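None of these values were measured; they are calculated from a predicted model.
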2 protein chains.
Amino acid sequence: MDREATLHDVAGKVGVSPRTVSRVVNDEGGYSPETRKKVLAAIEELRYRPNMVARALITKRSGTVGLVGGDMTDPFFPALAEGIQHRAREAGQTMFFASTGSDPDRQAEVLRSFWARAVDGVIVFPALDSIDQLTDYGRRGLPIVVVDDLVEAPNVACVLFDLPEGGRLAAQHLLSAGRRRMGVISATVSPPRRRHRERGFVAALTEADGDHLPAVIAEADPTVRGGEAGFAELLSLMPDLDGIFAYNDLVAIGAMRAAAASGRRVPEDIAVVGCDDIEMSTYITPALTTIRLDRGRLSNEAVAALHDLIDAPAQRRQPVVLPVELVARESA
Amino acid sequence: MDREATLHDVAGKVGVSPRTVSRVVNDEGGYSPETRKKVLAAIEELRYRPNMVARALITKRSGTVGLVGGDMTDPFFPALAEGIQHRAREAGQTMFFASTGSDPDRQAEVLRSFWARAVDGVIVFPALDSIDQLTDYGRRGLPIVVVDDLVEAPNVACVLFDLPEGGRLAAQHLLSAGRRRMGVISATVSPPRRRHRERGFVAALTEADGDHLPAVIAEADPTVRGGEAGFAELLSLMPDLDGIFAYNDLVAIGAMRAAAASGRRVPEDIAVVGCDDIEMSTYITPALTTIRLDRGRLSNEAVAALHDLIDAPAQRRQPVVLPVELVARESA
DNA sequence: AACGTTGGCGTCAACGTTGACGCCAACGTT
DNA sequence: AACGTTGGCGTCAACGTTGACGCCAACGTT
């Protein structure tokens with residue numbers, strides 16, 4: 001438990017200046033092959049590791065990225081965090097993680113703490129009404145990748161799924177299964193400007209021919225329990241409901257449970273389409289028909305966009321839009 | 001996007017030395033109320049935030065904790081990470097996260113990177129055969145909380161669930177439901193020294209009176225697919241199997257699926273008990289009987305143990321053992 | 001032979017803090 | 001009146017790096 005070795009210790013051992021050791025450590029060049037060999041040997045022997053804190057203080061690069069999520073217990077999230085963490089590690093970076101519960105104040109606190117720790121960039125699942133915060137940090141020079149929203153600001157890049165298309169696919173699937181009286185369960189954590197799924201769904205219904213009714217819309221927490229409540233709300237708006245498009249798979253599962261509890265069969269009486277394609281959706285009975293969002297793809301694109309932003313700030317870039325697909329199983 | 005304000009800027013504005021501003025920022029005392037007020041006003045106006053990197057360089061405290069997990073996509077994990085992150089944030093700390101896939105080399109890499117970034121401590125779900133690593137870092141002065149294993153070393157504290165009791169509860173439940181030919185699906189990622197569930201289960205069977213057979217044991221990945229494979233393996237060892245205790249709920253779900261696919265009914269033909277009590281277990285059909293591990297409790301205890309260790313290193317402490325309970329649902 | 005270039009270093013200062021120490025005026029104590 | 005204490009600061013150095021710069025010997029060029 002003695003002190004960690006520093007550049008100075010290595011330099012002393014080899015008989016060169018710390019600056020030369022630093023050059024070797026960073027592969028800067030400007031040293032002879034023999035010096036290099038001796039330095040590397042001393043590094044090995046003393047188990048020297050560069051102190052990232054000291055390095056960060058002067059370079060303003062800490063080798064860290066922050067992930068700001070809504071709620072880790074949302075089953076959509078872990079695979080994403082895992083992917084992002086992987087990619088970041090491949091780039092030699094370590095990942096901070098914090099969740100906001102979609103609360104803008106907590107998001108502000110999280111961003112402050114990340115910023116004070118000199119993160120090189122952050123990937124954010126924005127909390128409610130927090131665009132100004134993000135714009136502000138972008139202007140102050142923090143590279144930010146925003147997921148699932150469009151933010152126009154310096155140092156901000158956007159990566160989103162084509163959720164309107166997801167809504168359209170869900171609507172078409174339900175329509176072609178003969179459903180005529182449909183409801184959407186939206187999420188309270190999703191502000192109006194981010195209701196892309198819902199917009200796509202409603203638009204597809206509006207555009208389609210046929211005798212179907214316009215969709216009714218309920219709002220709920222994005223959880224199984226929320227789905228149960230959302231189902232009840234939809235039912236009160238349209239008692240003979242025959243199709244549901246849910247904000248995510250958890251909500252869809254909740255809706256299916258509530259449907260079963262009310263004596264309705266899924267999909268015979270009510271067809272249900274979810275969104276996300278979490279693992280559970282395959283294992284549930286009936287297996288859930290859903291809009292698949294490719295989380296591996298999202299992780300890759302988000303990290304790539306962030307590194308882009310870090311390497312070449314100031315440059316404008318187009319939002320990255322990721323395709324979605326409908327996975328037909330048993331529930332619709 | 002101009003430079004961030006520093007102590008120096010605040011000091012200049014107020015007309016005191018940076019050291020005095022630092023004293024105010026850290027509530028050290030040694031300044032007059034009027035000075036304090038002026039300093040706070042200037043801090044507000046300049047939007048000054050202490051630079052944690054500079055602070056960490058000299059205090060050797062970075063205000064960060066690291067969480068080293070096996071795999072974020074294991075549904076047991078997110079609630080835990082969420083809880084830990086919460087508690088850490090309450091203490092003003094930011095959380096690093098990295099997963100190892102239970103690979104000791106990756107764990108080594110993760111610990112190196114955390115250490116280089118001066119984490120104040122880490123909470124580790126140890127990878128296979130990685131106790132020496134942990135002992136080593138403990139000796140070098142890193143406070144470590146190890147989950148679900150016993151490690152005797154300086155700066156290392158242990159928090160574990162009473163898994164032997166979990167195994168015992170599962171065995172008793174299956175026995176009292178009349179099961180006589182039982183199998184255990186263990187996990188490949190769990191080294192022999194950490195097979196507490198299995199030991200408890202087998203011990204309870206051995207101790208119990210009756211005409212039941214000794215348990216057969218299969219090994220599998222701790223996933224649904226693993227559970228399916230584990231079921232097949234158990235069946236090949238004991239074709240008329242009537243009870244299963246699975247490493248975790250995912251494995252139990254896999255076993256139930258394989259049982260159904262083979263035409264067996266759960267629980268009538270084969271009773272299945274899982275372990276963890278993940279959310280999905282309530283929603284699956286049949287709902288899973290399982291050993292509940294209280295993850296909120298684990299988060300709290302782990303963070304508390306870590307802060308204990310950080311505040312008073314060197315001191316010996318007892319492992320914290322958390323109780324478990326059996327939740328009877330439909331599958332057994 | 002005189003010159004410019006370059007390889008291989010070293011020196012110094014700085015990043016933004018805090019620990020250690022010192023100083024002085026104001027005050028209380030004897 | 002002389003003294004010790006304490007409140008309220010300031011100064012300086014250090015944490016472990018890297019950027020900027022300079023220096024010198026060795027070499028190639030004309």
Side-chain angles (χ1 to χ4, degrees), chain A residues 2-40 42-43 46-64 92 112-113 115-120 141, chain B residues 2-40 42-43 46-64 92 112-113 115-120 141:
Chain A
D2 11 308
R3 207 172 45 80
E4 290 292 297
T6 69
L7 280 185
H8 197 262
D9 300 324
V10 177
K13 178 149 202 110
V14 179
V16 297
S17 76
R19 192 65 189 79
T20 293
V21 178
S22 166
R23 279 190 264 255
V24 173
V25 169
N26 293 299
D27 263 335
E28 279 179 46
Y31 40 80
S32 68
E34 307 91 73
T35 304
R36 188 181 117 92
K37 199 179 293 177
K38 282 190 286 181
V39 167
L40 290 179
I43 284 174
L46 297 175
R47 299 179 72 179
Y48 167 76
R49 295 277 145 198
N51 180 323
M52 299 307 251
V53 174
R55 184 181 285 177
L57 185 58
I58 122 152
T59 62
K60 309 292 174 199
R61 288 278 188 103
S62 62
T64 61
R112 255 202 308 276
S113 101
W115 178 251
R117 289 181 170 80
V119 287
D120 295 339
Chain B
D2 12 308
R3 207 172 45 81
E4 290 292 297
T6 69
L7 281 184
H8 197 262
D9 300 325
V10 177
K13 178 150 203 110
V14 179
V16 296
S17 76
R19 193 64 189 80
T20 293
V21 179
S22 166
R23 279 189 263 255
V24 172
V25 170
N26 294 298
D27 262 335
E28 279 179 46
Y31 40 79
S32 68
E34 309 89 72
T35 304
R36 189 182 115 92
K37 200 178 293 179
K38 282 190 286 181
V39 167
L40 290 178
I43 284 175
L46 297 174
R47 300 178 73 182
Y48 167 76
R49 294 279 145 197
N51 180 323
M52 299 307 251
V53 173
R55 183 181 286 178
L57 184 59
I58 122 151
T59 62
K60 308 292 175 199
R61 289 278 189 104
S62 62
T64 61
R112 256 202 308 276
S113 100
W115 178 252
R117 290 181 171 80
V119 286
D120 296 340

To the nearest angstrom, how far is Arg61(B) atom CZ from dC15(D) atom P?
19 Å
Is any side-chain heavy atom of Ser22(B) closer than 4.5 Å to a side-chain heavy atom of Val25(B)?
no
Quick note, Thr20(B) side chain, CB onward, closest among dG16(C), dC9(D), dT17(C) is dC9(D)
Value for CG (Leu57(A)) from CG (Asn51(A)), rounded to nearest 0.5 Å, stands at 10.0 Å
Quick one: is Tyr48(A) getting a side-chain N or O under 4.0 Å of the dT17(D) phosphate, OP1 or OP2?
yes
Between Leu57(A) (CG) and dG16(C) (C1'), how many Å, whole number?
6 Å
Distance-only donor-acceptor pairs under 3.5 Å for side chains of residues 31-38 of chain B, two or more places apart:
| unit_1 | atom_1 | unit_2 | atom_2 | d |
| --- | --- | --- | --- | --- |
| Ser32(B) | OG | Thr35(B) | N | 3.2 |
| Ser32(B) | OG | Thr35(B) | OG1 | 2.8 |

Quick check on DNA chain C: between Ala54(B) and Glu28(B), whose nearest nucleotide comes earlier from the 5' end?
Ala54(B)
Between the base of dG19(C) and the side chain of Arg19(B), is there a donor-acceptor distance below 3.5 Å?
yes
Result for 5'-nearest mapping on DNA chain D, choosing between Ile58(B) and Ser17(B), is Ser17(B)
Could you tell me how far apart Lys37(A) (NZ) and dG8(C) (C1') are, to the nearest whole angstrom?
17 Å
Do Arg36(A) and dG8(C) share a donor-acceptor pair, side chain to base, under 3.5 Å?
no
Indicate the atoms forming the closest heavy-atom contact of Gly63(A) with Arg117(B), along with that distance.
O-NH2, 2.9 Å
Grab the two heavy atoms, one from Gly29(B) and one from Arg23(B), that are nearest each other, plus how far apart they are.
O-CD, 3.5 Å
Can you tell me if Ser32(A) touches the phosphate of dC9(C), counting only side-chain N or O atoms and a distance under 4.0 Å to OP1 or OP2?
yes
Looking only at the side chain of Arg23(B) (C-beta and beyond, no hydrogens), which of the listed nucleotides dG10(D), dC21(D), dG16(D) gets closest?
dG10(D)
May I ask you to say what Val53(A) touches in the nucleic acid, namely base, sugar-phosphate or nothing, with a heavy-atom cut-off under 4.0 Å?
nothing
Is Asn26(A) close enough to dT18(D) that one of its side-chain N or O atoms is under 4.0 Å from OP1 or OP2 there?
yes
Nearest-Å distance, CD (Glu34(B)) to P (dG7(D))?
15 Å
Under a 3.5 Å cut-off on both pairing distances, which runs of 3 or more consecutive Watson-Crick or G-U pairs involve DNA chain C?
C:1-30 with D:1-30
Under-4.0 Å side-chain N/O to phosphate OP1/OP2 contact, Thr59(B) with dC15(D)
no
salt_bridge(Glu28(A), Arg19(A)) N-O dist < 4.0 Å:
yes
Would you say Lys60(B) reaches dT18(C)'s phosphate, i.e. side-chain N/O to OP1/OP2 under 4.0 Å?
no
Do the non-hydrogen side-chain atoms of Asp9(B) and Thr6(B) ever get within less than 4.5 Å of each other?
yes
Leu7(B) atom CG is separated from dT18(C) atom C1', nearest whole Å, by 9 Å
Between Glu4(A) (CD) and dT17(D) (C1'), how many Å, whole number?
15 Å
Can you tell me how far C1' of dA25(D) sits from OH of Tyr31(A), to the nearest Å?
21 Å
May I ask you to test the Leu46(B)-Lys13(B) pair for a side-chain heavy-atom distance under 4.5 Å?
yes
For Arg55(A) and dT17(C), give me the distance from atom CZ to atom C1', rounded to whole Å.
20 Å
Can you check whether Ser22(B) has a side-chain N or O nearer than 4.0 Å to OP1 or OP2 of dT18(C)?
yes
Do any side-chain nitrogens or oxygens of Thr35(A) fall under 4.0 Å of OP1 or OP2 in dC9(C)?
yes
